[in-house]
Amino acid sequence: MKLLKDILYKVSVNAVFGDTNLEVTQIAFDSRTIKNGAVFVAQKGVSVDGHLYIDKAISLGATSIICEVLPEEMQHGITFIQVEDSNTTLAIIASNFYNNPSSKLKLIGVTGTNGKTTVASLLYQLLKKSGYKTGLLSTVQILVDTTVFKATHTTPDSVTINNYLHQMVLLGVDYCFMEVSSHGIHQKRTEGLEFAGGIFTNLSHDHLDYHNSFASYRDVKKTFFDSLPKKAFALTNLDDKNGTVMLQNTKARKRTYALKTLADYKAKIIEKSFSGTLLSINGIEVWTKLIGNFNAYNLAAIIGTAYELGLEKLEVLTIVSQLESVSGRFEYLVSDTGVIAIVDYAHTPDALKNVLETINDIRSDNEKLITVIGCGGDRDKTKRPKMAHIASQLSTQAIFTSDNPRTENPDTILEEMEVGVSAENLRKTITISDRRQAIKTACKFSETGDILLIAGKGHENYQEINGERFHFDDLVEVKKYFNLLKK
């Protein structure tokens, strides 16, 4: 058990009303999860103000309340702590409650628009193959060494993060690799964590519905590097124009990687095919099963990180050649008629452009490239016409369809996508709202040697329509039409 006064260590407190020598059984920010003896943290969220649920939390057993605004009447026997920022406070007390687990292993954060999942997941693979107990906090899954947990957010809430890190420490985990989203940084979920390193992948158009401007989106990412300690490392993509911005105010050891620019870890693609890539890192060649320029960047970041962590260089390169692609990231299969289908999570303009350019670099002009693409509802609308333009420009044929429409009308989303298609590319596009039917149509259009890209959802095994999730898996749908599913 922890005392309230102990978990308040390093919290900026404005006022205290009541006893802080209380035992705390739980930290809660959702009143529906309250247990007896809990401390309830009232947060001003994007859509809900936790201050409205203080009375409910007390009725369910909360014995102490942390809030930014004190209620007009404070119940007798309940301790109230007024703070400047509930989000930051939640992160700090969660870390204290779980005995500051991030300081007891090497925690590496990966941030950027694209590549976070691939870099974090492959680093997990690499360190596991090197013989270390390793953890992973990613969009696809959470791994406490070999135990798998379902992921719900790219960066979980502060309590969940520290709980998993605590479990890792108890199991003797040496390293943990964590995706750090802009939402997570902005909402202070990573406050109170001690990072041994940070990796910047790239920055492109995404989440502007949340951050309002690209500059704000960039600056939020930068604050992650600003907060790294002196003993940590900051590894950045020097070919991205925002790469040097991330390093401007960091106290951490500055390291760089690139394909086009002179950097600490310089990568060069020597050969590429659908079976893999021959890559050179600082003049040493390594074969990898991963494909494309974007994966060359990912691998440069991965190798650079492994070197910064002190792993033996030859061992690192040997293991890199064994790494498998991450679920839903350029995951491909070949039909018995020779059609190549690729399922990829590309859901931003830059990511889609990278995947299509990679395919076009490898294929000859004899095969068709058919792209199935949609855009999510209740998200940044400005990228919809851009995604459609890229798909129609870089494909032989583009099929626009639903992604996760959420609460929006799917047809409205498709209409907003179609605006981005130029007159000369209109003949190359068709619209099929039903995603299952769109994939089936693309498979029927494909002939021997053709390449089919199904983009946007990747590892996701659901479609969210009108607030409800229905089971749907792009890869399963392709296998069904390729007759590769087990009978």
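Note: hydrogens, waters and symmetry copies are ignored here, and every other heavy atom, side chains too, is used. In this chain, numbering begins with 1 at the start of the sequence shown.
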Contacts table for residues 31-41: side-chain donor-acceptor under 3.5 angstrom, sequence neighbours left out:
unit_1	atom_1	unit_2	atom_2	d
Arg32	NE	Asp30	OD1	3.0
Arg32	NE	Asp30	OD2	3.3
Arg32	NH2	Asp30	OD2	2.8
Thr33	OG1	Asp30	O	2.8

Before giving the answer on side chain to side chain contact (heavy atoms under 4.5 Å, CB included), spell out for Lys440 and Gln437 the whole-Å C-alpha distance, their side-chain angles and the decisive distance to 0.1 Å. CA-CA 5 Å; Lys440 182 177 181 179; Gln437 191 62 39; 4.2 Å; yes
To the nearest 0.5 Å, what is the distance between OG1 (Thr348) and CG (Asn202)? 8.0 Å
Are any of the side-chain heavy atoms of Val320 and Leu126 separated by less than 4.5 Å? yes
Student check: side-chain heavy atoms of Val339 and Cys443 closer than 4.5 Å: no
For the residue pair Phe274 and Tyr332, does the interplanar ring angle fall in the parallel (under 30°), tilted (30 to 60°) or perpendicular (over 60°) class? tilted
Listed partners of Lys188 passing side chain to side chain contact (heavy atoms under 4.5 Å, CB included), at least two apart: Asp85, Asn87, Thr88, Glu191
Counting only heavy atoms not in Lys272 (residues, nucleotides, ligands), do more than 12 fall under 6.0 Å from its NZ? yes
How far does CD1 of Ile362 sit from CD1 of Ile451, to the nearest 0.5 angstrom? 8.0 Å
Might you point out which heavy atoms bring Ala296 and Leu259 nearest each other, and give the distance in Å? CB-CD2, 3.8 Å
Which atom of Pro349 lies closest to which atom of Ile390, heavy atoms considered: O-CD1, 3.3 Å
Does the Lys428 side chain pair with the main chain of Ser392, one donor and one acceptor, at a distance under 3.5 Å? yes
Decide yes or no for Phe225 and Thr111: does some side-chain heavy atom of the first lie under 4.5 Å from some side-chain heavy atom of the second? yes
Just wondering, do Ser402 and Ile413 contact through their side chains at under 4.5 Å, heavy atoms? no
Checking the side chain of Asp450 only, and the main-chain atoms of Lys368 only, is there a donor and an acceptor separated by less than 3.5 Å? yes
Show which side-chain atoms of residues 465-476 pair as donor or acceptor with protein atoms under 3.5 Å away, not counting sequence neighbours.
unit_1	atom_1	unit_2	atom_2	d
Arg469	NH2	Tyr462	OH	3.4
His471	ND1	Asn461	O	3.3
Asp473	OD1	Leu475	N	2.9
Asp473	OD1	Val476	N	3.3
Asp474	OD1	Arg435	NE	3.0
Asp474	OD2	Arg435	NH2	2.8

Is the shortest heavy-atom distance from the side chain of Ile342 to the side chain of Phe330 under 4.5 Å? yes
Quick one: closest heavy-atom pair of Val169 and Pro101, and the distance? CG2-O, 3.5 Å
Can you list every salt bridge (charged side-chain N to carboxylate O under 4.0 Å, His left out) pair that touches residues 213-226, not counting sequence neighbours? Lys222-Asp226
Any donor-acceptor pair under 3.5 Å linking the side chain of Thr201 with the backbone of Asn114? yes
Inspect the surroundings of NE2 in His51 and state if more than 12 heavy atoms from other residues, nucleotides or ligands are less than 6.0 Å away. yes
So, Arg379 and Glu464, do they make that salt bridge, N to O below 4.0 Å? no
With side chain to side chain contact (heavy atoms under 4.5 Å, CB included) as the criterion, how do Asn242 and Phe200 come out once you've worked through the C-alpha distance, each side chain's angles and the decisive distance to 0.1 Å? CA-CA 9 Å; Asn242 297 288; Phe200 171 72; 4.2 Å; yes
More than 12 heavy atoms from other groups under 6.0 Å of CD on Gln322: yes
Just by distance, do the side chain of Asn163 and the backbone of Val159 share a donor-acceptor pair under 3.5 Å? no
Treating Lys116 as the side-chain partner and Gly112 as the backbone partner, does any N or O pair qualify as donor plus acceptor under 3.5 Å? yes
Taking Ile92's backbone N and O only, do any of them form a donor-acceptor pair with Ser95's side chain (distance below 3.5 Å, no angle check)? no
Would you check, one step at a time, whether the test side chain to side chain donor-acceptor pair (under 3.5 Å) holds for Glu418 with Thr431? CA-CA 9 Å; Glu418 290 167 351; Thr431 299; 2.6 Å; yes
Any non-hydrogen side-chain atom of Glu447 less than 4.5 Å from a side-chain atom of Thr337? no
Sub-4.5 Å side-chain heavy-atom contact between Glu194 and Leu107: no
Do the side chains of Glu367 and Ile340 get nearer than 4.5 Å, heavy atoms only? no
Between Arg427 and Glu424, the two heavy atoms sitting closest are NE-O, 3.6 Å
Which residues pass the side chain to side chain contact (heavy atoms under 4.5 Å, CB included) test with Thr152, not counting sequence neighbours? none
Verify, without hydrogens or angle tests, whether Arg189 (side chain) and Thr155 (backbone) share a donor-acceptor contact under 3.5 angstrom. yes
So which atom in Asp378 and which in Glu408 form the shortest heavy-atom distance, rounded to 0.1 Å? N-OE2, 2.7 Å
One pair to check against side chain to side chain donor-acceptor pair (under 3.5 Å): Tyr481 and Ser335. What are the steps and the verdict? CA-CA 9 Å; Tyr481 299 119; Ser335 74; over 6 Å; no
Whether Asp49 side chain and Leu52 backbone form a donor-acceptor pair below 3.5 Å: no
Main-chain N/O of Gly135 paired to Tyr164 side chain as donor or acceptor, under 3.5 Å: no
Say you draw a straight line from CG of Leu137 to OG1 of Thr160; how long is it, rounded to the nearest 0.5 Å? 10.0 Å
Taking OH in Tyr53 as the centre, count heavy atoms belonging to other residues, nucleotides or ligands within less than 6.0 Å. Is the count above 12? no
Decide yes or no on side chain to side chain contact (heavy atoms under 4.5 Å, CB included) for Leu452 and Val372, but give the supporting numbers first. CA-CA 8 Å; Leu452 168 59; Val372 178; 4.2 Å; yes
Looking at OG1 of Thr305 and CG of Leu299, how far apart are the two atoms once the value is rounded to the nearest 0.5 Å? 11.0 Å
Tyr345 and His347 aromatic ring geometry - parallel, tilted or perpendicular at 30°/60° bounds: tilted
Hey, does the side chain of Asn425 reach the backbone of Val421 with a donor-acceptor pair shorter than 3.5 angstrom? no
For the SG atom of Cys176 and the CD1 atom of Ile108, what is their distance to the nearest 0.5 Å? 9.0 Å
Rounded to the nearest 0.5 angstrom, the CZ-OG1 distance for Phe29 and Thr89 is 14.0 Å
If you apply the rule side chain to side chain contact (heavy atoms under 4.5 Å, CB included), what do you find for Arg329 with His459, and how did you get there? CA-CA 8 Å; Arg329 270 64 177 176; His459 65 283; 2.7 Å; yes
List in chain and number order the residues that pass side-chain hydrogen bond (donor to acceptor under 3.5 Å, both in side chains) with Glu324, two or more places apart in sequence or in another chain; answer none if no residue qualifies. Lys289
Side chain to side chain donor-acceptor pair (under 3.5 Å) for Tyr297 and Asp239? Distances and angles first, verdict last. CA-CA 9 Å; Tyr297 280 107; Asp239 285 345; 2.7 Å; yes
